[in-house]
Student: 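One structure, pasted below without further comment.
So you know, we letter chains A, B, ... as the sequences are listed, proteins then strands, and number each from 1. As a basis for the values below, the full set of heavy atoms in this structure was taken, side chains included, without hydrogen atoms, waters or symmetry mates.
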Amino acid sequence: MLNHLTISELTARLARREVSARETMQSCLDQIQRVDGQVKAFLSHDSADALAQADTADRAIAAGESHRERPLLGVPVAVKDVMAVRNHPLNCGSKILGNFRSPYDATVVEKLRAAGAIVFGRLNMDEFAMGSSTENSAFFTTRNPWDDTRIPGGSSGGSAAAVAAHESIATLGSDTGGSIRQPAALCGCVGMKPTYGRVSRYGLVAFASSLDQIGPFTKDVRDSATLLEVISGIDHRDSTSVPQPVPHYAAGLTGDIRGLRLGLPKEYMIGGLDPEVKASVDAAVAQLQKLGAEVVEISLPHTDYAAATYYIIAPAEASANLARFDGVRYGARVDGADPIQMYCNTRGAGFGPEVKRRIILGTYVLSSGYYDAYYLRAQKVRTLIRQDFLNAFEKVDAIVTPTTPTAAFKAGEKSDDPLQMYLSDVFTISCNLAGICGISIPCGFTKSPKLPIGLQILGKPFGEETMLKIAHAYEQATAWHKERAPIAG
Amino acid sequence: MASSDFDVKYVAHLARLKLSPTEEQKLGTQLENILSFIAKLKEVDVAGVEPTAHAFPLVNVTRPDEVRASLSNEDALRNAPSKANGLFVVPKIVE
């Protein structure tokens, strides 16, 4: 079954002409047909367009183009419904965009195409990437491929579930406070949030502009490195993309991590951490030591304030970013007697409850009289949180933590309690505030029911090479990433 | 119970968001909980700490001032809920 292949396995076979891009794409489409009624990872996909792109890739391969120049030639990659793909729908999991179709490609999509990828499908997500379960999607809730009574995590739940259910070879998601790493952990795949500024945000619908970053979901760490290299780099259409050279990430996966220093933050071993998650992470740390890494305890003293800081800064930025959805230029307009009424009616009808909650919260913390007490104070605490990490990185090469406090929770379990839902991201939020990079890789399973557990590795700013090297060395010494959700076949 | 200084109606107006009475009540209570959670930031000593707006502040990012291809008028209007003569149509603003 070609849909089960990794990027590196698939490109090797494509290069040897053993398989075609069309057969591979068809195999993913067949899998979607077979399982997506249950998993519900995709909001939509255009099979004819995907197969046409596959044929183009097959012609390029026949004409002698190689994977050296175009590393994703013939590889299906599906994208979260928050990135612009020309002429495809773009809804951000919301009703407010109506029948919107993107007039242009996001930079990451241009880069995927240039690398030869087949860009297809719209993956489900929490509305405007606000949520941790996909239950805030205006369309439907995606199900965890390991247990369909449970959520896949979020906000990039569709992106994680599609990889775990082998409906696509790889996918892209976006991460503002854990929206790639948390669902990757809960679905048992590899999910990476690059350093802020590593990947262009042009064509990514903004949630919190100082925190958002696009990143890959893959079946193994090597694929993550390959995909990161393709999508990284400065872009003159995103003034926050950073002019740092893009290394050949896959070349750094040597398996040798002897002498690297790993920090274990004592503040992350909190109450509320599930014993099975803790046991798996402890075992992973022991494995990393066995591979020659040196493990030391570190302190990130402001950890306890990260969630509160995040839930001021992210909604504040969101309230400003989402002002553009006013019914004037695009989306589902609801008329009113004057423009103000039209804005209020359009936004009242178009946004779901979580988005309204965050817009109200963000507007409040930015409003006259409260700005200093909430927003400015949160920005100062953000400085302290970032400083915690920079201090720690003077002593260690990477930081190792659980990705989430528990395995996947049940659908409906937290959907009525926004604060409990927010706290499910407690280990992933700091990474975005600090602007560093992070990856979640599979490191075990709970016993009954069998659900994936994720190990988070946090790297220095632009330290993706070392972070990937550690993740890869661990992965090669274990077999967790080879376990397949029963539904994936 | 919403606190006296959190006026959900006023904030909703600032945000140009029409809420039903049920939504107003529910949001009022939920935001009260969230605000009391984020109030823990008051414990932190931030004296002398500079705020962080961006983890990697780049300043004066410019490109050469050259004319480049951009969205055509047609593409820009493709998703418009209402349009005429190459323009977006909105409710009357000036009497």
Student: State, with a plain yes or no, whether a side-chain heavy atom of A:Arg86 is found less than 4.5 Å away from one of B:Asp75.
Tutor: yes
Student: Within the 4.5 Å heavy-atom criterion, are A:Tyr364 and B:Leu31 side-chain neighbours or not?
Tutor: no
Student: Shorter than 4.5 Å, heavy atoms on both sides: which option in A:Gly348, A:Ser239, A:Gly435, A:Cys344 has the most such pairs with chain B?
Tutor: A:Cys344
Student: Any heavy-atom pair between the side chains of B:Leu19 and A:Ile360 that's under 4.5 Å?
Tutor: yes
Student: Given that the side chain runs from C-beta out, which part of A:Leu419 has a heavy atom under 4.5 Å from chain B: side chain, backbone, both or neither?
Tutor: side chain
Student: By a 4.5 Å heavy-atom criterion (distance strictly below it), what part of A:Asn99 contacts chain B: side chain, backbone, both, or neither?
Tutor: backbone
Student: Which bit of A:Thr309 comes within less than 4.5 Å of chain B, counting heavy atoms only: side chain, backbone, both or neither?
Tutor: both
Student: Find the one option among A:Leu211, A:Val242, A:Asp304 whose heavy-atom pairs under 4.5 Å with chain B are most numerous.
Tutor: A:Asp304
Student: Considering all heavy atoms of both residues, which atom of A:Ala337 and which atom of B:Pro91 are nearest to each other, and what is their separation?
Tutor: O-CB, 4.1 Å
Student: Crowded around B:Glu43 CD? As in, over 12 foreign heavy atoms under 6.0 Å?
Tutor: yes
Student: Please state whether the side chain, the backbone, both or neither of A:Phe462 comes within less than 4.5 Å of a heavy atom of chain B.
Tutor: side chain
Student: Counting only non-hydrogen atoms closer than 4.5 Å, does A:Leu390 touch chain B with its backbone (N, CA, C, O), its side chain (CB onward), both, or neither?
Tutor: neither
Student: Grab the two heavy atoms, one from A:Ser241 and one from B:Leu58, that are nearest each other, plus how far apart they are.
Tutor: O-CD1, 3.5 Å
Student: Side chain, backbone, both or neither: which part of A:Arg386 has an atom under 4.5 Å from a heavy atom of chain B?
Tutor: side chain
Student: Which region of A:Ala323, side chain (C-beta onward) or backbone (N, CA, C, O), has a non-hydrogen atom less than 4.5 Å from a non-hydrogen atom of chain B, or is it both or neither?
Tutor: neither
Student: Please look at A:Tyr310 and chain B and tell me whether the side chain, the backbone, both or neither of the residue comes under 4.5 angstrom of a heavy atom of that chain.
Tutor: neither
Student: Which heavy atom of B:Lys18 sits nearest a heavy atom of A:Lys356, and at what distance?
Tutor: O-NZ, 4.5 Å
Student: Can you find a pair of side-chain heavy atoms, one from A:Ser367 and one from B:Val11, that are under 4.5 Å apart?
Tutor: no
Student: Report which part of B:Gln30 has an atom under 4.5 Å of a heavy atom belonging to chain A: side chain, backbone, both, or neither.
Tutor: side chain
Student: What are the two closest non-hydrogen atoms of B:Pro81 and A:Arg333, and how far apart are they?
Tutor: CB-CB, 3.7 Å
Student: Relative to chain B, which segment of A:Ala307 carries a heavy atom at a distance below 4.5 Å: side chain, backbone, both, or neither?
Tutor: both
Student: Rounded at 0.5 Å granularity, tell me how far CZ in B:Phe6 sits from CG in A:Leu361.
Tutor: 7.5 Å
Student: Taking every heavy-atom pair that is under 4.5 Å apart, which of B:Asp45, B:Val89, B:Asn33 has the most such pairs with chain A?
Tutor: B:Val89
Student: When heavy-atom pairs shorter than 4.5 Å are enumerated against chain B, which of A:Leu376, A:Ile340, A:Asp326, A:Leu97 gives the highest number?
Tutor: A:Ile340
Student: Quick one: does A:Val381's side chain get under 4.5 Å of B:Val49's, heavy atoms only?
Tutor: no
Student: Taking every non-hydrogen pair under 4.5 Å, which of B:Leu71, B:Val46, B:Ile38, B:Val61 racks up the most with chain A?
Tutor: B:Ile38
Student: Do A:Arg357 and B:Leu27 make a side-chain contact, defined as non-hydrogen atoms from C-beta onward lying under 4.5 Å apart?
Tutor: yes
Student: Shortest non-hydrogen contact from A:Thr383 to B:Pro51?
Tutor: OG1-C, 3.5 Å
Student: Roughly how far, to the nearest 0.5 Å, is CD1 of A:Ile312 from CD1 of B:Ile34?
Tutor: 11.5 Å
Student: Under 4.5 Å from any heavy atom of chain B, what part of A:Pro418 do you find: side chain, backbone, both or neither?
Tutor: side chain
Student: Tell me, side chain or backbone of B:Phe88 under 4.5 Å from chain A's heavy atoms, or both, or neither?
Tutor: side chain
Student: Please flag which part of A:Ser368 lies under 4.5 Å from any non-hydrogen atom of chain B: side chain, backbone, both or neither.
Tutor: neither
Student: Given heavy-atom pairs under 4.5 angstrom as the criterion, report whether the side chain, backbone, both or neither of B:Lys40 touches chain A.
Tutor: both
Student: Contact part of A:Asn87 toward chain B, heavy-atom cut-off under 4.5 Å: side chain, backbone, both or neither?
Tutor: both
Student: Sort out for me which of A:His236, A:Met342, A:Arg101 touches chain B most, counting heavy-atom pairs under 4.5 Å.
Tutor: A:Arg101
